[in-house]
Amino acid sequence: MSKKIVAVSASMRAGSNSGKLLDAFIAGAEAAGHEVEKISLRGMDLRYCQGCLACSRTGRCVIRDDAQAVVDKISQADVVVFATPIYYYDMCGQLKTLLDRSNPMYYAGHYRFRDVYLLTAAAWRDEEVTKRAAMTLGGWLACLPKARLAGTVFAGGVEEPGAVEGHPALAEARRMGESV
């Protein structure tokens with residue numbers, strides 16, 4: 001059965017390593033017959049949550065920027081995959097800001113996805129590097145009881161754009177996309 005997948009790239013860098021992991025996941029998912037929409041946060045106007053909690057009453061955010069449209073697409077997906085570079089042992093700020101801005105989805109309780117995947121790339125090779133990003137995403141998922149972290153892929157030792165080429169994580173990301 002074909003699934004609707006929303007794939008979010010949080011890197012601000014063109015040709016990013018996390019973006020290439022996402023492309024591999026997408027190639028696998030499309031080869032398996034799934035419909036994928038790729039969204040790049042690069043160049044988007046994403047403002048911080050103000051903590052006003054208006055969304056708890058209205059189901060919509062009062063901030064008028066690009067976040068609400070992305071959150072709407074995520075909430076209607078069957079599967080969500082996030083790709084982020086790791087900065088200081090965690091996901092990049094743009095992705096964390098987007099997760100914070102998904103508060104209306106939490107309050108409304110309307111989201112279709114069950115499986116969430118996390119793809120990460122970092123200059124450091126140590127597997128510990130990606131654990132904090134998975135924990136941060138886990139905190140978000142703890143507020144969405146119908147969803148779960150279905151899988152992660154980490155490419156360590158990749159700093160310069162394109163350094164992920166030939167990395168085993170690319171094949172792993174593709175296989176993960178195929179198995180959705």
Side-chain angles (χ1 to χ4, degrees), residues 4-30 34-49 63 65-75 77 79-102 105 113 115-141 149-178 180:
K4 180 179 177 185
I5 300 171
V6 170
V8 178
S9 174
S11 180
M12 298 295 108
R13 185 164 70 175
S16 72
N17 294 307
S18 61
K20 291 186 181 300
L21 287 174
L22 187 60
D23 290 341
F25 183 100
I26 290 169
E30 288 178 340
H34 301 297
E35 172 192 339
V36 182
E37 179 177 0
K38 182 179 179 182
I39 299 170
S40 175
L41 301 183
R42 185 173 179 227
M44 283 194 176
D45 178 18
L46 298 176
R47 294 184 224 149
Y48 300 119
C49 175
I63 301 170
D65 64 359
D66 296 325
Q68 190 64 55
V70 177
V71 170
D72 288 345
K73 288 179 181 193
I74 288 171
S75 70
V79 174
V80 179
V81 56
F82 295 111
T84 181
I86 298 295
Y87 299 145
Y88 298 102
Y89 289 82
D90 210 336
M91 66 178 57
C92 70
Q94 291 82 1
L95 181 53
K96 179 62 171 91
T97 296
L98 179 68
L99 296 180
D100 290 346
R101 291 291 304 288
S102 71
M105 185 175 60
F113 61 89
D115 290 341
V116 177
Y117 295 88
L118 179 64
L119 312 176
T120 59
W124 291 96
R125 295 181 195 284
D126 187 350
E127 288 287 329
E128 291 293 315
V129 171
T130 194
K131 286 184 179 178
R132 290 184 190 162
M135 286 178 56
T136 300
L137 185 60
W140 181 73
L141 288 168
L149 182 59
T152 64
V153 173
F154 171 60
V158 296
E159 187 168 0
E160 298 301 317
V164 75
E165 293 301 331
H167 196 288
L170 283 174
E172 186 180 352
R174 183 180 173 95
R175 282 191 303 274
M176 188 175 283
E178 290 170 347
V180 167

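- The nearest pair of heavy atoms linking Q94 to A10 is CB-O, 4.1 Å.
- When all heavy atoms of S18 and S11 are compared, the closest pair comes out as OG-CB, 3.6 Å.
- The shortest side-chain heavy-atom distance between V70 and R101 does not fall under the 4.5 Å cut-off.
- Residue V6 comes nearest to A77 through the heavy atom pair CG2-CB, 3.5 Å, listed as atom of the first residue, atom of the second, then distance.
- Considering CE of M12 and OG of S40, their distance stands at 6.0 Å, rounded to 0.5 Å.
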For this session: Starting from the C-alpha separation in whole Å, work towards a yes-or-no answer on side chain to side chain contact (heavy atoms under 4.5 Å, CB included) for V36 and V79.
Result: CA-CA 9 Å; V36 182; V79 174; over 6 Å; no

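- In this structure, R132 and Y89 approach most closely via the heavy-atom pair CB-O, 2.8 Å.
- Here the side chain of D66 pairs a donor or acceptor atom with the backbone of D45 at under 3.5 angstrom.
- From R42, atom CZ reaches atom OG of S9 across 9.0 Å, with rounding to the nearest 0.5 Å.
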Exercise. L170 and L21: side chain to side chain contact (heavy atoms under 4.5 Å, CB included), yes or no, with the steps?
Worked result: CA-CA 6 Å; L170 283 174; L21 287 174; 4.0 Å; yes

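- Look at E178 and R175 and you find no salt bridge, because none of the NZ, NE, NH1 or NH2 atoms lies under 4.0 Å from a carboxylate O.
- In this structure, L119 and T152 have side chains that are not in contact, with every pair of non-hydrogen atoms separated by 4.5 Å or more.
- The shortest distance between side-chain heavy atoms of L118 and T84 falls below 4.5 Å.
- In this view, E159 satisfies the salt bridge (charged side-chain N to carboxylate O under 4.0 Å, His left out) rule with no residue, not counting sequence neighbours.
- Classification of the W140-F113 ring pair by plane angle, with boundaries at 30° and 60°, yields parallel.
- When atom types are taken as modelled, the side chain of N17 and the backbone of E160 share a donor-acceptor pair closer than 3.5 angstrom.
- The main-chain N or O of V180 is found under 3.5 Å from a side-chain atom of H34 such that the two form a donor-acceptor pair.
- Atoms OG1 and CG, on T136 and D90 in that order, are 3.5 Å from each other to the nearest 0.5 Å.
- Looking at heavy atoms from C-beta onward, L98 lies in side-chain contact with I74 at the 4.5 angstrom threshold.
- Shown here for A134 and L149, the closest heavy-atom pair between the two residues is CB-CD2, 4.4 Å.
- Here the straight-line distance linking atom CG of L22 with atom OG of S16 works out to 8.5 Å at 0.5 Å rounding.
- The shortest non-hydrogen separation linking V164 to A155 is CG2-CB, 3.9 Å.
- Note that NE2 of H167 is 7.5 Å distant from CZ of F154, once rounded to the nearest 0.5 Å.
- Contact check for I86 versus W124: no side-chain heavy atoms found under the 4.5 Å cut-off.
- A 6.0 Å sphere centred on NZ of K73 holds no more than 12 heavy atoms belonging to other residues, nucleotides or ligands.
- Residue R47 places its CZ atom among more than 12 non-hydrogen atoms of other residues, nucleotides or ligands, all under 6.0 Å distant.
- Other residues, nucleotides and ligands place more than 12 heavy atoms under 6.0 Å from the OH atom of Y87.
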Exercise. Are F82 and V116 close enough, and set up right, to give a side chain to side chain contact (heavy atoms under 4.5 Å, CB included), and what steps lead you there?
Worked result: CA-CA 8 Å; F82 295 111; V116 177; 3.9 Å; yes

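- Going from atom CE of M135 over to atom CE of M91 covers 11.0 Å, rounded to the nearest 0.5 Å.
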For this session: May I have the step-by-step check of side chain to side chain contact (heavy atoms under 4.5 Å, CB included) for E165 and V158, ending in yes or no?
Result: CA-CA 9 Å; E165 293 301 331; V158 296; over 6 Å; no

